[in-house]
Amino acid sequence: MKLTVLGCWAPYPRVSGACSGYLLQEKGRSLLIDTGNGVLSRLLQHMDIQDLDAVLLSHLHPDHLMDIYSLRHAIESANREGRMDKRVPLYLPTGPAEDFNRIREFTKAFTIHVIDEMPEPREAVIAGCKVKFTPGKHNLPAYSISIEGSKRFVYSGDTAYQEELIKLATGADLFLCEASGLDQDTEYLQENHLTARQAGELAKAAGVKRLIITHFYPEYVLSELQKQAEEGFGQRVELAREGATFEL
Ligand SMILES: [Zn+2]
Ligand SMILES: [Zn+2]
């Protein structure tokens, strides 16, 4: 299993950067997780669009979503011009309604799967991997995602600290967790996001083997986020950066 970071910034990128997007590859299958602004051009540095097997959207905030609109055109064009002969499964939650209702019409590019409508415990086999979605604590319908192939990868999506995420992440080989702020932001973030220290503490409680933090505010010094996450985790923590790859 291989993770490639396509974008790591929120809610807007640094110069030449991209917002949330991750490519997970396993046995020749490719899953794209989140499509923030700047993600499609970075995806194309690593693979051809016709080899994409599934797209999973943790939630529909712009920093996780915007490139779905250009990805749709890339897939439709490839199908129309004979470079591709399939629609790509797209898993997404329902809100906000205006974005959801627009995206659900992109049926020439995607087969639409609504995560909110999946029966509990929201499990599916996607591109040969066992996938499980757990609701996050966020100001929109949002999900944390576990993807199990030869190894198990867990992505927090956007969420505040909660027991359900500890449960989902327990024993993960690699935990990719949002770290939206420093200690000083704890109160501001508490309903919707994790600080770097909380990401570390959550990873420690879940006993994950490896922690990578992401979803960085572009004005922050990343080594400070890393330091606070390491204090919470009690072990080394890695940083997600565009183009970085992690073998599981
Ligand atoms: Zn969000
Ligand atoms: Zn976000």
Side-chain angles (χ1 to χ4, degrees), residues 3-14 17-24 31-40 42-43 55-71 90-100 102-103 114-116 122 133-147 153-162 164-165 168-169 175-182 185-200 202-203 211-220 222 225 228-229 239-242 244:
L3 173 72
T4 303
V5 177
L6 305 172
C8 59
W9 304 106
Y12 60 93
R14 275 191 187 168
C19 288
S20 297
Y22 310 94
L23 172 62
L24 191 71
L31 290 89
L32 174 60
I33 305 160
D34 283 346
T35 56
N37 30 313
V39 163
L40 178 56
R42 294 191 176 261
L43 177 73
V55 180
L56 314 180
L57 299 182
S58 65
H59 67 299
L60 305 187
H61 269 148
D63 55 322
H64 300 253
L65 175 70
M66 292 317 290
D67 271 16
I68 199 74
Y69 295 103
S70 40
L71 179 62
L90 169 64
Y91 288 76
L92 79 170
T94 51
E98 56 195 287
D99 292 296
F100 175 72
R102 204 180 312 170
I103 296 164
V114 181
I115 304 169
D116 302 3
R122 294 195 179 87
F133 299 95
T134 294
K137 199 173 153 197
H138 201 47
N139 57 359
L140 274 185
Y143 290 89
S144 303
I145 307 171
S146 164
I147 302 176
F153 164 80
V154 175
Y155 169 50
S156 65
D158 282 9
T159 183
Y161 197 97
Q162 61 155 348
E164 284 76 4
L165 180 54
L168 186 74
F175 181 37
L176 176 66
C177 190
E178 73 130 294
S180 299
L182 296 161
D185 307 309
T186 307
E187 210 181 304
Y188 168 67
L189 295 177
Q190 64 178 345
E191 297 299 324
N192 292 301
H193 290 287
L194 295 162
T195 63
R197 183 179 303 278
Q198 288 172 329
L202 203 151
L211 171 63
I212 299 171
I213 55 170
T214 189
H215 203 263
F216 305 127
Y217 181 55
E219 312 302 331
Y220 278 163
L222 297 191
L225 289 162
Q228 293 187 359
L239 297 169
R241 295 305 304 272
E242 292 100 337

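First listed ligand is number 1; within each ligand, the first listed atom is number 1.
- Ring geometry for H64 versus H59: interplanar angle of 30 to 60°, hence tilted.
- Residue contacts to the Zn ion (ligand 1): H59 brings an N, O or S atom closer than 2.8 Å.
- For a distance bound of 2.8 Å, the N, O or S atoms of D158 include one lying that close to the Zn ion (ligand 1).
- No hydrogens or angles considered: a donor-acceptor pair under 3.5 Å links the side chains of D34 and S58.
- Residue H61 counts as close to the Zn ion (ligand 1), with an N, O or S atom under 2.8 Å.
- The minimum distance between the Zn ion (ligand 2) and any N, O or S atom of H64 involves atom NE2.
- Distances from the Zn ion (ligand 1) to each N, O or S atom of H138 single out NE2 as the nearest.
- The CD atom of E191 lies 15.5 Å from the OH atom of Y161; values are rounded to the nearest 0.5 Å.
- No side-chain donor-acceptor contact under 3.5 Å links Y69 and N37.
- Y143 pairs with exactly one of D116, T134, T159 by the side chain to side chain donor-acceptor pair (under 3.5 Å) rule, that one being D116.
- Geometry about the Zn ion (ligand 2) gives an angle of 100° between NE2 of H215 and OD2 of D63, rounded in steps of 10 degrees.
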